[in-house]
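Here's the structure, in structure tokens; my notes come after.
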Number of protein chains: 2
Amino acid sequence: MKNYIHNLNKAFENRIRLGLMSVLMVNDSVDFSTMKEMLDITDGNLASHVTALEKEGYIHVKKEFVGKKPLTTYSATKVGMKAFNEHLDALEKLLKGR
Amino acid sequence: MKNYIHNLNKAFENRIRLGLMSVLMVNDSVDFSTMKEMLDITDGNLASHVTALEKEGYIHVKKEFVGKKPLTTYSATKVGMKAFNEHLDALEKLLKGR
DNA sequence: TAAAAGCACTTTGCGATACAAAGTTATTAT
DNA sequence: ATAATAACTTTGTATCGCAAAGTGCTTTTA
């Protein structure tokens, strides 16, 4: 293997998806509004990056009603956690120059 | 501050520029062919990412002749090293969830 | 000496990405 | 009635990423 850059995961190259995922690694679940505020991005932008990660099977989206209000919450899947950890591994090895 | 994702540097978001820069952080200078082989990318692709980092003032490009053959070597500038370290700082803080 | 190869690009073309802004649907609070 | 909340979807545009092909100059090699 030449360099660890090819072990980096395309899905986590974007800063928003990286942030989103890292939030879900330390929080069991986070709802739409909170995530939007944490990442400080527009609602549409959040929605599109969420879709991207969901398509990869990296996060799970749960829609429910709390009272009469809709509530969407996100959580990382096992597959997502594994992929993210592998990405971080590749990152670390790359940056350590090994 | 909501989240450290906004402290990440756009110039280092791409895997090739990240790899290129991390190579130049541990090697004083690296020539075109070696870098191309290390990153395992096409010559045109390397040239374009080099241009991008050079435009930001993050790397220095030196062209000389060794014997009769042209030799292009790259090195990180002080500005580049500072920017890269700040990027890594933001990354670390982001991933540590602080 | 003509053809092939090396070096370091630049140009072309095109699909994929990123993102703001505006539009949508449904409910709820004023 | 009107505005606000929630969670998107759509639209439009600008930028990116990358392979492939083209360029110009020099040096090997057959």
Side-chain angles (χ1 to χ4, degrees), chain A residues 2-24 29-56 58-75 87 94, chain B residues 2-3 5-21 23-24 29-56 58-75 87 94:
Chain A
K2 317 268 181 168
N3 188 296
Y4 286 93
I5 64 170
H6 300 292
N7 291 47
L8 294 174
N9 192 327
K10 194 110 215 278
F12 306 128
E13 205 153 329
N14 172 271
R15 66 179 63 192
I16 291 174
R17 291 194 299 272
L18 188 75
L20 210 158
M21 204 63 194
S22 84
V23 164
L24 294 184
S29 79
V30 174
D31 68 87
F32 186 90
S33 303
T34 304
M35 187 63 88
K36 172 169 144 43
E37 204 220 339
M38 285 181 84
L39 299 178
D40 194 26
I41 54 176
T42 60
D43 52 356
N45 200 6
L46 174 55
S48 84
H49 285 294
V50 159
T51 300
L53 290 175
E54 199 192 3
K55 263 186 197 155
E56 299 288 330
Y58 291 167
I59 65 174
H60 177 245
V61 179
K62 179 178 158 198
K63 288 164 194 288
E64 61 182 325
F65 277 84
V66 173
K68 286 290 183 61
K69 283 187 177 176
L71 183 70
T72 302
T73 51
Y74 308 120
S75 54
H87 177 77
L94 168 68
Chain B
K2 317 268 182 168
N3 188 296
I5 63 171
H6 300 293
N7 290 48
L8 294 173
N9 191 328
K10 195 109 215 279
F12 305 129
E13 204 154 330
N14 172 271
R15 66 179 63 195
I16 291 174
R17 291 193 300 271
L18 187 75
L20 210 159
M21 204 63 196
V23 165
L24 294 183
S29 78
V30 174
D31 67 87
F32 185 90
S33 304
T34 304
M35 186 64 88
K36 172 167 145 40
E37 205 220 338
M38 286 181 85
L39 299 178
D40 193 26
I41 55 177
T42 60
D43 54 355
N45 200 7
L46 174 55
S48 84
H49 286 293
V50 159
T51 301
L53 290 174
E54 199 191 5
K55 262 186 198 155
E56 298 289 329
Y58 292 167
I59 65 175
H60 177 245
V61 179
K62 180 178 159 197
K63 289 162 195 287
E64 60 182 328
F65 277 84
V66 173
K68 287 286 183 62
K69 283 185 178 177
L71 183 71
T72 303
T73 51
Y74 308 120
S75 54
H87 177 76
L94 168 68

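Below, read A as the first sequence line, B as the second, and so on, with proteins coming before strands; counting in each chain starts at 1.
Checking the phosphate oxygens (OP1, OP2) of D:dA6, no side-chain nitrogen or oxygen of A:Thr72 falls inside 4.0 Å. Side-chain nitrogen and oxygen atoms of B:Thr42 include at least one within less than 4.0 Å of the OP1 or OP2 phosphate oxygen of D:dA19.
The distance between atom CZ of B:Phe12 and atom C1' of D:dG17, rounded to the nearest whole Å, is 18 Å. To the nearest angstrom, P of D:dA20 lies 17 Å from CG of B:Leu46. Rounded to whole Å, atom P of D:dC8 lies 13 Å from atom CD1 of A:Ile41. Note: CZ (A:Phe32) to C1' (D:dT5) measures 11 Å, nearest angstrom. Rounded to whole angstrom, the span from the CG atom of A:Asp40 across to the C1' atom of C:dC19 amounts to 14 Å. One can place NZ of A:Lys63 at 7 Å from P of D:dT9, the figure rounded to the nearest angstrom. Remark: C1' of C:dG23 and CG of A:Asp43 are 11 Å apart, rounded to the nearest angstrom. Atom NZ in B:Lys69 sits about 17 Å away from atom C1' in D:dG24, given to the nearest Å.
Within the 4.5 Å cutoff, the side chain of A:Leu53 has heavy atoms near those of the A:Phe12 side chain. At a threshold of 4.5 Å between non-hydrogen side-chain atoms, the residues B:Leu8 and A:Leu18 count as touching. Counting only heavy atoms from C-beta outward, the side chains of B:Leu46 and B:Leu20 approach each other to under 4.5 Å. The shortest side-chain heavy-atom distance between B:Arg15 and A:Lys10 falls under the 4.5 Å cut-off.
Note that OG1 of A:Thr51 is 12.0 Å distant from CD of A:Glu56, once rounded to the nearest 0.5 Å. Atom-to-atom distance recorded for A:Leu94:CG and B:Met21:CE is 12.5 Å, nearest 0.5 angstrom.
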Tabulated below should be each protein N or O lying under 3.5 Å from an N or O of nucleotides 11-18 of chain C; please produce it.
unit_1, atom_1, unit_2, atom_2, d
C:dA18, OP1, A:Asn14, ND2, 3.3
C:dA18, OP2, A:Arg17, NH1, 3.0

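In this structure, B:Ser48 and A:Thr51 both approach DNA chain D, and ranking their closest nucleotides by distance from the 5' end singles out A:Thr51.
With B:His60 contributing its side chain and B:Thr73 its backbone, the two residues share no donor-acceptor pair below 3.5 Å.
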